Amino acid sequence: MKQYFKRFWFWYVIIAIMLVVYLVARFTGGNSGQEYVRTNTECLTEERVFDYADKLSDAEEDDLRALIAKREKQVGCDIVLVTIDDPELRSDSKMMTYADYFCIDNKFGYNRPVGDAIIYVDNWNGGYVWMSTSGKAEARYSSSMIDSLITYACDVVNSNPYKGYERYVNRVYRDLSANSVMGSFRINSLAIFVVALVVTVIYLIAGLSGHKGKKTTTASTYVAGGRPDLRNSNDTFINKHVSKRKIESSSGGSGGGGGGGHHTTGGHSFGGGGGRH
């Protein structure tokens with residue numbers, strides 16, 4: 001065992017470092033304390049919590065505003081929450097249009113109007129939810145990530161609206177910063193698994209080859225004269241069986257951002273996705 005450790009010590013060190021970096025990023029959000037400076041001077045409002053459905057108390061609204069202000073500086077992205085109670089917006093397409101133009105009309109975006117921003121709209125008339133992403137948020141969020149965030153918030157929003165919206169804000173923070181380590185270097189559990197698997201395979205191959213015994217007998221060792229005498233040979237056909245299996249393929253994927261990508265009539269690019277609670 002010691003000789004194998006000596007042979008592969010470098011890989012074990014690499015795996016250990018990757019694991020530590022991943023755990024730090026996973027549980028601390030990967031933020032090094034950097035705070036972004038807002039450069040959008042054209043935004044028409046400083047408000048981020050628009051509780052038109054009146055689902056939050058005044059104290060809860062204030063707490064969410066404070067949390068959003070903190071998270072925005074940490075990720076450099078506007079984070080907006082809108083609650084409504086509108087029977088005319090009971091479809092994904094109408095919710096998408098509402099969310100997109102809420103961003104456009106107010107000129108949200110941390111870096112510029114209709115720039116880095118996320119708008120989360122919750123219609124309590126029917127429980128329809130839509131999240132629009134633009135700028136860095138659009139580039140970051142895949143469709144599966146949007147679905148995961150909405151599900152995460154909707155799981156508790158009916159029983160505790162404040163908790164659901166708090167989940168939304170904190171999940172945005174984690175999603176936009178958790179995988180950012182040492183600038184553009186990104187690490188995730190899949191990468192760790194792949195590296196560990198490769199090292200394990202190399203270790204096993206080396207171990208098995210090192211313990212492989214030498215052959216002391218051959219097929220003719222115990223045959224008289226050293227040569228086998230095949231007196232009779234024939235081929236017997238028994239049966240034929242062919243099995244067929246349909247291989248399913250999927251065109252979907254969760255890698256990369258741009259989930260739900262589309263353009264408004266004004267040419268603005270948005271991503272997004274919806275759900276219900």
Side-chain angles (χ1 to χ4, degrees), residues 22 25-30 48-53 55-56 60-61 63-64 67-68 71-72 74-75 77-86 89-100 102-103 108 116-180 186 188-190 250-262 270-277:
Y22 170 75
R26 177 66 180 83
F27 294 105
T28 68
R48 297 293 184 272
V49 180
F50 301 85
D51 185 26
Y52 300 135
K55 294 297 177 180
L56 302 168
E60 289 173 336
E61 287 187 30
D63 287 345
L64 280 175
L67 177 62
I68 289 173
R71 296 311 192 198
E72 285 185 343
Q74 292 173 323
V75 299
C77 183
D78 280 0
I79 304 173
V80 182
L81 169 68
V82 185
T83 72
I84 57 177
D85 187 352
D86 193 334
L89 300 179
R90 294 169 61 96
S91 73
D92 284 348
S93 60
K94 292 180 179 180
M95 288 287 289
M96 179 185 74
T97 300
Y98 181 94
D100 290 349
F102 197 90
C103 179
F108 284 116
D116 300 333
I118 291 183
I119 314 292
Y120 187 95
V121 181
D122 190 353
N123 185 4
W124 283 81
N125 195 307
Y128 285 87
V129 176
W130 189 269
M131 189 176 86
S132 281
T133 59
S134 65
K136 69 161 59 175
E138 181 185 0
R140 177 72 178 102
Y141 273 92
S142 64
S143 293
S144 62
M145 290 178 65
I146 294 172
D147 291 343
S148 177
L149 186 153
I150 291 176
T151 299
Y152 182 62
C154 287
D155 279 346
V156 299
V157 76
N158 285 323
S159 59
N160 190 336
Y162 172 79
K163 186 66 175 179
Y165 302 141
E166 182 186 46
R167 282 187 167 198
Y168 150 64
V169 175
N170 285 327
R171 183 64 170 266
V172 168
Y173 163 68
R174 291 197 298 270
D175 287 344
L176 291 182
S177 65
N179 289 331
S180 298
R186 295 184 183 276
N188 55 45
S189 55
L190 178 60
S250 173
S251 60
S254 60
H262 59 277
F270 285 94
R276 292 187 68 179
H277 62 82

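Please read these numbers as outputs of a predicted model, since none were measured by experiment.
- Partners of Asp100 under the side-chain hydrogen bond (donor to acceptor under 3.5 Å, both in side chains) rule, at least two apart in sequence or in another chain, are Ser132, His262.
- Residue pairs meeting the salt bridge (charged side-chain N to carboxylate O under 4.0 Å, His left out) criterion with at least one member in residues 158-173, sequence neighbours excluded, are Lys163-Glu166, Arg171-Asp175.
- Not counting sequence neighbours, the partners of Tyr168 by the ring pair (Phe, Tyr, Trp, His ring centres under 6.0 Å) test are Tyr120.
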N/O donor-acceptor pairs under 3.5 Å from side chains in residues 151-158, not counting sequence neighbours:
from	atom 1	to	atom 2	distance (Å)
Thr151	OG1	Asp147	O	2.9
Asn158	OD1	His277	ND1	2.7

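- Applying the side-chain hydrogen bond (donor to acceptor under 3.5 Å, both in side chains) criterion to Asp86, with sequence neighbours excluded, gives no partner residue.
- Legend: residues meeting side chain to side chain contact (heavy atoms under 4.5 Å, CB included) with Ser91, ordered by chain and number and at least two apart, are Ser93, Lys94.
- For Asp85, the side-chain hydrogen bond (donor to acceptor under 3.5 Å, both in side chains) criterion is met by Asn125, not counting sequence neighbours.
- For Tyr162, there are no ring pair (Phe, Tyr, Trp, His ring centres under 6.0 Å) partners at least two apart in sequence or on another chain.
- There is no side-chain donor-acceptor pair under 3.5 Å between Asp122 and Thr83.
- Listed by chain and number, the residues in a side chain to side chain contact (heavy atoms under 4.5 Å, CB included) with Lys136 are Tyr36, Cys77, Asp116 (sequence neighbours excluded).
- Judged as a salt bridge (Lys or Arg N to Asp or Glu O under 4.0 Å), and not counting sequence neighbours, the contacts of Asp78 are Arg38, Arg48.
- In this structure, the salt bridge (Lys or Arg N to Asp or Glu O under 4.0 Å) partners of Glu61, at least two apart in sequence or on a different chain, are Arg65.
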